[in-house]
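A short worksheet on the structure shown next.
When a ligand or atom number is given, it counts from 1 through the structure's own listing order. Computation of the quantities below employed the complete heavy-atom set of this structure, encompassing side-chain atoms and omitting hydrogens, waters and symmetry-equivalent molecules.
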Amino acid sequence: MHEELNIILTGVREHCPEISTRAEFESFKATISGPNGSLTKVMKGMGKVAKEDKPAMGKLINDTKAAVITEFDAVLERLERADLASKIGPPIDPTLPVPDCRRGTLHPISQVREEMVDLFRRIGFSVAEATELETEHYCFDALNIPSDHPARDMQDSYYLPDQLTVSNVSKHSDEKYLLRTHTSTVQIRTMLNEKPPIRIVAPGRCFRRDTPDATHSANFHQIEGLYINKGVTILDLKATLDYFVKSIFGPKAKTRLRPSFFPFTEPSFEMDFFSPDLGKLSNKWLEIMGCGMVDPEVFKFVGIDPEVYTGYAFGMGIERIAMILQGVDDIRYYYQNDLRFLKQFA
Ligand code: PHE
């Protein structure tokens with residue numbers, strides 16, 4: 001019996017690598033472990049083995065069976081891999097040159113975003129990010145936005161179904177998920193995670209239920225800025241915005257702060273700028289961002305002492321800046337992916 005098992009295993013080991021189809025495999029397998037297979041026959045012979053030899057024989061048979069199964073599994077795996085490879089075709093060589101296709105370029109919105117972020121990086125801002133899906137808490141409550149604020153309305157924001165749970169964004173209470181309506185959410189998430197001094201810009205997508213027209217899109221992009229330290233004043237805000245505007249729109253550009261209102265800044269401003277070098281848009285005051293000093297209420301929410309720290313925040317639409325810089329008069333061009341449009345910014 002010992003000898004027989006050895007012959008079977010050697011035979012399996014020799015023949016398996018030669019099998020090249022599933023049909024061949026099945027018929028070979030039948031000659032070993034099928035009802036009349038060689039291994040099956042040896043197993044049936046166990047009945048005639050003397051009682052004292054049974055444990056040793058049984059072990060030998062089991063070991064042989066396990067070795068045979070290992071061989072069979074290897075064949076199946078090899079056949080499956082060959083099958084898959086024939087379905088997906090020959091492997092591609094990513095190092096080959098592409099003869100008839102130019103290298104792509106960044107989308108015009110990404111180009112402007114990079115330029116803006118770069119200007120802020122140069123004066124010590126780092127980039128912060130957070131999720132696009134948010135809770136009402138981070139989008140509104142923590143930013144001191146009251147429950148009757150229009151942004152909270154179903155008509156103005158994209159809410160998600162109540163029963164939904166999202167594992168990486170946790171709810172505080174019985175509140176709703178929504179797509180963030182502004183990047184100010186990143187202010188809160190950053191202040192909760194970091195200790196002052198904080199100096200960040202947060203570029204990202206935002207969503208509002210606007211009916212698309214030449215200047216509105218339901219999905220658009222903003223850049224948020226936040227600086228918190230001891231002794232930060234409006235003068236620091238104004239100096240930073242002056243630097244930004246002169247860098248992006250030319251050294252002759254001027255800025256102006258107009259009183260405004262945001263629940264999370266006090267005082268709040270709209271910032272306008274004016275430039276003699278902007279073609280059709282020259283010599284007009286153009287509104288490009290909301291800003292202000294971080295409201296002490298917001299500091300209380302995130303556990304920063306407003307008696308010790310002050311800070312400023314600003315937020316602006318990337319599309320708005322891009323349209324001015326690139327002379328684009330309809331925001332919808334940015335989202336149509338028409339190569340005739342995109343190639344002008346290559
Ligand atoms: N989040 C405001 C908006 O979307 C802009 C803003 C940001 C205003 C920071 C003040 C401070 O309109």
Answer with side chain, backbone, both or neither: which part of Met289 has a heavy atom less than 4.0 angstrom from an atom of ligand 1? neither
Heavy atom under 4.0 Å from ligand 1: found in Gln222's side chain, backbone, both, or neither? side chain
Is there a nitrogen or oxygen of His182 sitting under 3.5 Å from a nitrogen or oxygen of ligand 1? yes
Should the proximity of Phe264 to ligand 1, defined as any heavy atom under 4.0 Å, be assigned to the side chain, the backbone, both, or neither? side chain
Here the atoms of ligand 1 under 4.0 Å from any heavy atom belonging to Gly315 are 6 (C), 7 (C), 9 (C)
Keeping Lys252 on the side-chain end and Pro276 on the backbone end, is there a donor-acceptor pair under 3.5 Å? no
Would you check, one step at a time, whether the test salt bridge (charged side-chain N to carboxylate O under 4.0 Å, His left out) holds for Asp156 with Arg152? CA-CA 7 Å; Asp156 292 293; Arg152 296 228 181 188; over 6 Å; no
Tyr312 side chain to Thr240 side chain, donor-acceptor N/O pair below 3.5 angstrom: yes
At under 4.0 Å between heavy atoms, what of Arg180 touches ligand 1? The answer is neither
Below 4.0 Å from ligand 1: does a non-hydrogen atom of Arg208 turn up there or not? yes
Hey, is Cys291 touching ligand 1 through its side chain, its backbone, both or neither, going by heavy atoms under 4.0 Å? backbone
Nearest protein heavy-atom contact for atom 1 (N) of ligand 1: which residue, which atom, what distance? Ser184 OG, 2.9 Å
Could you walk me through whether Cys16 and Phe28 pass the side chain to side chain contact (heavy atoms under 4.5 Å, CB included) test, one step at a time? CA-CA 9 Å; Cys16 276; Phe28 178 63; 4.1 Å; yes
Would you mind listing which atoms of ligand 1 come within a distance below 4.0 Å of any non-hydrogen atom of Gln187? 9 (C)
Does the side chain of Tyr335 pick up a donor-acceptor pair with the side chain of Glu319 at under 3.5 Å? yes
Whether Arg189 engages the ring of Tyr138 as a cation-pi pair (distance to the six-membered ring centre under 6.0 angstrom, angle to the ring normal within 45°) should be assessed. yes
Mind telling me whether Tyr334 and His107 have parallel, tilted or perpendicular rings, with 30° and 60° as the class edges? tilted
